[in-house]
There are 2 protein chains.
Amino acid sequence: MTAVPTPTGRRERKKAATRQKIADTALRLFMEHGYDAVGIRDVAAEADVAVTTLFSHFASKEALVFEQEEDFERRLTRAVTERTPGEPALPALRREVHALVRHCTGAGAAPVWRMIDDSPALRAYEQAMKLRYARSLTAALLADPGLSHSETSLRALAWFVVDAQSLAREAEDPEAAVDEVFTMIEAAWRAGAERPA
Amino acid sequence: MTAVPTPTGRRERKKAATRQKIADTALRLFMEHGYDAVGIRDVAAEADVAVTTLFSHFASKEALVFEQEEDFERRLTRAVTERTPGEPALPALRREVHALVRHCTGAGAAPVWRMIDDSPALRAYEQAMKLRYARSLTAALLADPGLSHSETSLRALAWFVVDAQSLAREAEDPEAAVDEVFTMIEAAWRAGAERPA
DNA sequence: TTCAAAACACTAACCGTTAGTGTTAGCTTC
DNA sequence: GAAGCTAACACTAACGGTTAGTGTTTTGAA
């Protein structure tokens with residue numbers, strides 16, 4: 001039917017199942033023995049796939065841990081680009097960050113984040129993800145015609161928002177922290193608007 | 001004289017010389033052939049040292065590139081802890097960030113930063129350094145008895161300041177960018193003070 | 001002079017990651 | 001159905017950063 005064949009049947013399901021099995025196995029082994037104590041070859045063997053197969057589904061060992069967070073980048077940019085017309089950007093971002101933080105702090109996520117905090121490699125990877133988030137969000141803000149701030153102001157805003165998310169994760173009351181940091185960001189935003197460049 | 005012998009003679013000088021020779025050789029090779037195209041074994045051979053010697057001076061391949069920036073962490077914390085008594089923290093930090101940015105944008109530093117921006121590994125490493133900076137600066141701010149902000153506010157401030165430095169590096173006019181971002185940070189700082197926790 | 005420690009060398013390996021080369025399984029078209 | 005194309009997967013072997021283990025030399029101190 002379609003010129004470019006889009007497989008939507010068993011093949012796709014099997015692929016997704018393999019991916020899920022790898023991710024589940026990896027997370028289980030990491031939690032059981034520690035991230036550094038488990039090698040890629042261990043994960044592949046336990047999931048009963050080849051090492052190359054594992055790397056065809058995940059770009060790196062760290063990516064196995066951050067499977068859930070991979071779409072945060074899109075969600076942040078969409079909060080800006082797809083907000084209701086006329087709505088200011090910051091409240092939309094605040095809502096989205098609230099949602100992201102709830103997602104990170106809910107359910108049994110705490111042990112995973114503990115593992116991340118315990119591993120320098122995972123902390124570094126998370127920082128690299130923040131860089132991607134900030135870059136994407138910057139692009140979205142720069143592309144918005146309704147924002148009259150200078151480029152530097154918008155870049156700063158993007159970073160501050162990304163920081164808000166990671167700051168809230170570490171706070172005792174994450175939801176309150178989001179609001180506290182966003183209060184500061186809103187003030188910074190207004191101050192940045194005072195000198196349009 | 002001292003119970004713990006502190007060598008201050010030829011040995012220290014030789015060690016420093018070896019370290020410097022490794023760093024210089026590495027930077028030269030990286031700039032000539034590209035960071036990814038030069039291996040650790042190449043650097044060690046060209047510097048005429050063993051690979052293990054290289055790693056006894058530098059913790060990783062990336063650390064060879066960021067040799068100069070290793071003390072930014074201390075400089076930021078000192079800007080807070082050793083500021084003249086009674087002086088507010090933010091102006092002191094602004095001055096220090098100005099100095100750091102001047103240091104990064106002066107002389108022939110541009111090609112090095114180009115190389116860093118071109119390498120994902122180096123960008124990630126720089127982000128990991130930002131994490132260290134932010135953590136240290138947070139600790140310094142939390143330890144300051146003169147600051148009545150909430151812990152979350154202080155954490156946010158630390159991140160914003162660290163962001164200011166990396167933002168300024170990328171701006172067309174870095175010095176002006178420092179001032180622009182700090183204007184926003186000062187506003188955020190005042191807004192954060194309104195709700196002492 | 002003697003001794004302990006630090007710096008350095010060398011080998012061999014570990015681990016994440018990738019290239020190269022098949023092989024199988026599923027979709028699609030006839 | 002049968003044929004053929006492609007995607008998913010397997011396997012081996014390697015590359016590059018990093019470290020452990022084991023000496024050897026240099027240097028400063030006693």
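We name chains A, B, ... by the order of the sequence lines, and we start the count at 1 in each one.
Using the six-membered ring where Trp is involved, B:Phe72 and B:His103 have ring planes that are perpendicular, over 60° apart on the 30 and 60° scheme.
Phosphate contact (OP1/OP2 of D:dC9, side-chain N/O of A:His57, threshold under 4.0 Å): present. For C:dG26, the OP1/OP2 oxygens have a side-chain nitrogen or oxygen of A:Lys14 closer than 4.0 Å.
No side-chain donor-acceptor contact under 3.5 Å links B:Glu46 and B:Thr25.
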Write out a two-atom table: protein N or O, nucleotide N or O from nucleotides 16-20 of chain D, distance below 3.5 Å.
{"residue": "D:dG17", "atom": "OP1", "partner": "B:Lys61", "partner atom": "NZ", "Å": "2.7"}
{"residue": "D:dG17", "atom": "OP2", "partner": "B:Ile40", "partner atom": "N", "Å": "2.9"}
{"residue": "D:dG17", "atom": "N7", "partner": "B:Arg41", "partner atom": "NH1", "Å": "3.0"}
{"residue": "D:dG17", "atom": "N7", "partner": "B:Arg41", "partner atom": "NH2", "Å": "3.4"}
{"residue": "D:dG17", "atom": "O6", "partner": "B:Arg41", "partner atom": "NH2", "Å": "3.3"}
{"residue": "D:dT18", "atom": "OP2", "partner": "B:Lys61", "partner atom": "N", "Å": "2.8"}
{"residue": "D:dT18", "atom": "O4", "partner": "B:Arg41", "partner atom": "NH2", "Å": "3.2"}

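Residue B:Ala50 places its side chain closer to C:dA9 than to any other of D:dA10, D:dA8, C:dA9.
Distance CZ (B:Arg13) to C1' (C:dC8): 18 Å, rounded to an integer number of Å. Residue A:Arg11 contributes atom CZ, which lies 5 Å from atom C1' of D:dA7 at whole-angstrom precision. At whole-Å resolution of the value, CZ in A:Arg10 and P in D:dA8 are 15 Å apart. In this entry the distance linking CD1 of B:Ile22 with C1' of C:dA9 reads 12 Å, nearest Å. Note: CZ (A:Phe58) to P (C:dT18) measures 15 Å, nearest angstrom. Put simply, CG on A:Leu54 is 9 Å from P on C:dT17, counting in whole angstrom units. For A:Phe30 and C:dG16, the CZ to C1' distance is 11 Å, given to the nearest whole Å.
Between the side chain of B:Asp118 and the backbone N or O of B:Met115, no donor-acceptor pair lies under 3.5 Å.
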* Asked: For A:His149 and A:Trp189, what are the C-alpha separation, side-chain angles and deciding distance, and is it a side chain to side chain contact (heavy atoms under 4.5 Å, CB included)?
  -> CA-CA 9 Å; A:His149 288 61; A:Trp189 171 267; 3.5 Å; yes
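Here the options are B:Arg83, B:Gln165, B:Arg75, the test is side-chain hydrogen bond (donor to acceptor under 3.5 Å, both in side chains), and the partner is B:Glu96; only B:Arg75 passes.
When side chains are defined from C-beta on, A:Val112 does not count as touching A:Phe30, because their heavy atoms never get closer than 4.5 Å. Within the 4.5 Å cutoff, the side chain of B:Val181 has no heavy atoms near those of the B:Val97 side chain.
No engagement by B:Asp42 is indicated, since no non-hydrogen atom pair under 4.0 Å with the nucleic acid exists.
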